[in-house]
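What follows is a single structure, written as structure tokens, with notes after it.
Everything numeric here is computed off the predicted structure, so don't read it as measured data.
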Amino acid sequence: MKFKRSEALFEEAQKYLPGGVDSPVRAFKSVGGIPPFMVKGKGSKIYDVDGNEFIDYICSWGPLILGHSHPQVLDAIKRVAELGTSFGAPTELEITLAKMVTTAIPSIEMVRFVNSGTEATMTALRLARAYTEKDKVVKFAGGYHGHADGLLVKGGSGMATLSLPNCPGVPTKYAENTLVASYNDAQSVAKLFESYPKEIAAVIVEPIAANMGLIPPQPAFLESLRSITRENGALLIFDEVISGFRVNYGGAQALYDITPDLTCLGKIIGGGLPIGAYGGKREIMSMIAPAGPVYQAGTLSGNPLAVTAGIETLNVLSQPGVYEQLERTTSLLEAGIRKAISSLNMKIQVSRLASLLTIFFTDNLLTDYDSVSGADTDLFGRFHQQLLKKGIYWPPSQFEAAFISLAHSKEDIQTTIDKISEALSYIMR
Ligand SMILES: *Cc1c(COP(=O)(O)O)cnc(C)c1O
């Protein structure tokens, strides 16, 4: 496989775009090599400027659960585009998508559409602070909620007093309002509520952690978050930007039967176009302007193209058998990888839930950020380079999940298992 055109474009891109990209992980920094520049996607496949074809396990980082260029989505986008691309005025389409979202996820009684997951989480926290009249929020180490200032804090696991921003440009004074707990550790959250009684507005969590690699929640963990927030007059915010409409039609909250106060969505609900959303109890959401005093606005919010792509994507996802198909496809992949691993003497494990999967290069018990951060990222980098050469477009970081779509066929999965097996044997040598 040759990457000549991509190499030249990456050189040129770096003259005009910081790092040559518009979002850091795309630059392949943590795995080495250069990122292929893409021109086309169809079904489970993605094609680069050098004419290489890959089976795509990034799927735009989650939105493309139907695969690339799904005909029903594309046709609808084209039809709506003919009528105009943006009005900055209300449309009936927004009511349609809002009804679909509130029906699928009953804890969302009202919803506001924005342009990204970042906007959704940022505003959900503003709203939680306004509603509770408290300033501090709790997040988890290794949890990613977009790049709003107050959320770029990782901290040392559970070390409330050391909430230093891990990004220059975020004022320390501001970061101090973000407390960091460790995932799957209810005790670390309880300690924060003890240290800061009456100061915590909200706990924000990815109910299924997928931004430190995939780490499913332990059964009692999410329940403990529900009860401790309720007891302390804080809101529970589920960041379901990945898990929403991914693990099933009702998201992680349906899977684990937990009702958060606010939910953030993104990715899938835009069907591959830019979108985000936050929603929850009517009483809380009524504080959002112009219904209430909490300001949040957006020139392109509720954009007709994005909303249409979302509606069509949800139309497909609401059909019977869809999530069962995703489960079958992904369990096939999981089983194949497990088999490949079992024949090798390597410290590797597979973490999988629904159509999310991470291959971890560590034998640590995987529960939180500390346990994954010991993974062998060099070995992962070599693994990734091998896969890319073999036509498998795998997430270019140890700490990301692979996304499986409805377009992935049995043949795609078998090819992938073979290539993963070859890649693992190669890097073993
Ligand atoms: C992707 C992601 C976000 C941010 O969404 P953007 O649209 O990239 O701003 C927030 N939370 C989670 C859990 C995500 O995976």
Side-chain angles (χ1 to χ4, degrees), residues 105-108 117 120-122 124-129 131-132 134-146 150-151 153-160 163 177-212 214-244 246-248 250-265 278-281 284 353 356 366-372:
I105 307 177
S107 78
I108 304 181
T121 56
M122 181 182 84
L125 290 186
R126 181 183 303 150
L127 178 56
R129 284 171 164 142
Y131 182 78
T132 60
K134 298 171 187 174
D135 282 344
K136 294 198 186 296
V137 298
V138 174
K139 77 175 283 285
F140 295 89
Y144 179 69
H145 307 287
L151 288 165
V153 178
K154 183 163 56 188
S157 31
M159 294 298 295
S163 295
N177 282 320
T178 306
L179 309 173
V180 182
S182 36
Y183 193 71
N184 273 324
D185 181 356
Q187 205 48 45
S188 71
V189 181
K191 274 191 199 138
L192 292 174
F193 275 102
E194 275 161 34
S195 306
Y196 301 94
K198 302 195 170 66
E199 286 187 72
I200 297 173
V203 172
I204 184 166
V205 64
E206 288 177 75
I208 297 165
N211 281 294
M212 48 177 150
L214 174 73
I215 307 288
Q218 288 166 2
F221 173 63
L222 296 177
E223 275 170 40
S224 78
L225 297 184
R226 181 61 283 181
S227 49
I228 199 164
T229 45
R230 197 168 271 150
E231 284 156 18
N232 288 276
L235 299 189
L236 178 61
I237 305 175
F238 270 12
D239 180 350
E240 297 225 44
V241 171
I242 283 183
S243 58
R246 164 66 56 182
V247 296
N248 62 33
Q253 52 197 277
L255 190 64
Y256 298 106
D257 193 20
I258 305 234
T259 307
D261 300 297
L262 294 173
T263 299
C264 301
L265 296 169
Y278 60 95
K281 290 200 179 90
I284 305 174
L353 198 160
L356 298 165
L366 302 168
T367 55
D368 62 1
Y369 186 67
D370 278 350
S371 62
V372 300

Closest non-hydrogen atom pair between P207 and P217, with its separation: O-CG, 3.1 Å
Mind checking the CD1-CD spacing from I228 to Q187? Nearest 0.5 Å is all I need. 8.5 Å
I need the minimum non-hydrogen distance between M212 and A141, along with the two atoms involved. CE-O, 3.8 Å
Before giving the answer on side-chain contact (heavy atoms from CB on, under 4.5 Å), spell out for V189 and F140 the whole-Å C-alpha distance, their side-chain angles and the decisive distance to 0.1 Å. CA-CA 9 Å; V189 181; F140 295 89; 3.5 Å; yes
Determine, stepwise, if the pair L366 / V372 fulfils side-chain contact (heavy atoms from CB on, under 4.5 Å). CA-CA 6 Å; L366 302 168; V372 300; 3.7 Å; yes
With a 3.5 Å distance limit and no angle check, can you tell me whether E206 reaches the backbone of I242 through a side-chain donor-acceptor pair? no
What's the separation between atom CG in N211 and atom OH in Y369, rounded to the nearest 0.5 Å? 11.5 Å
Shortest non-hydrogen pair, I215 vs Y183, comes out as O-CE2, 3.4 Å
Tell me, do D368 and D185 make a side-chain contact under 4.5 Å, heavy atoms counted? no
Taking side-chain contact (heavy atoms from CB on, under 4.5 Å) as the criterion, tell me which of L236, T178, I237, L262 meets it with I204. I237
Minimum heavy-atom separation for K134 to E199, with atom names? CB-O, 3.5 Å
Determine whether I284 and D261 make a side-chain contact, defined as any pair of heavy atoms from C-beta on separated by less than 4.5 Å. yes
Please find the pair of heavy atoms, one from A252 and one from V247, that lie closest to each other, and give the distance. N-CG2, 3.6 Å
Taking N232 for the side chain and A234 for the main chain, is one N or O donor matched with an acceptor at less than 3.5 Å? no
Less than 4.5 Å apart, side chain to side chain, heavy atoms only: is that true for E223 and I258? yes
Correct closest heavy-atom pair for T263 and S107 would be OG1-OG, 3.7 Å
Interatomic spacing from OG1 in T229 to CZ in F193 - rounded to 0.5 Å: 6.0 Å
Hey, are the side chains of Q253 and N248 touching, using non-hydrogen atoms and a 4.5 Å cut-off? no
T259 OG1 to R230 CZ distance, which is reported to the nearest 0.5 Å: 7.5 Å
Between CZ on residue F238 and CZ on residue R226, distance to nearest 0.5 Å: 8.0 Å
Please examine the side chains of L127 and L235, heavy atoms only from C-beta on, and report whether any two atoms are closer than 4.5 Å. no
Would you say the side-chain atoms of T121 pair up with the backbone N or O of H145, donor to acceptor, closer than 3.5 Å? yes
Can you tell if the side chain of S182 reaches within under 4.5 Å of the side chain of D370, non-hydrogen atoms only? no
For a 4.5 angstrom cut-off between non-hydrogen side-chain atoms, does L125 reach L151? yes
Set out, in order, the CA-CA distance, both residues' side-chain angles and the distance that settles side-chain contact (heavy atoms from CB on, under 4.5 Å) for L265 and I105, then state yes or no. CA-CA 11 Å; L265 296 169; I105 307 177; 4.1 Å; yes
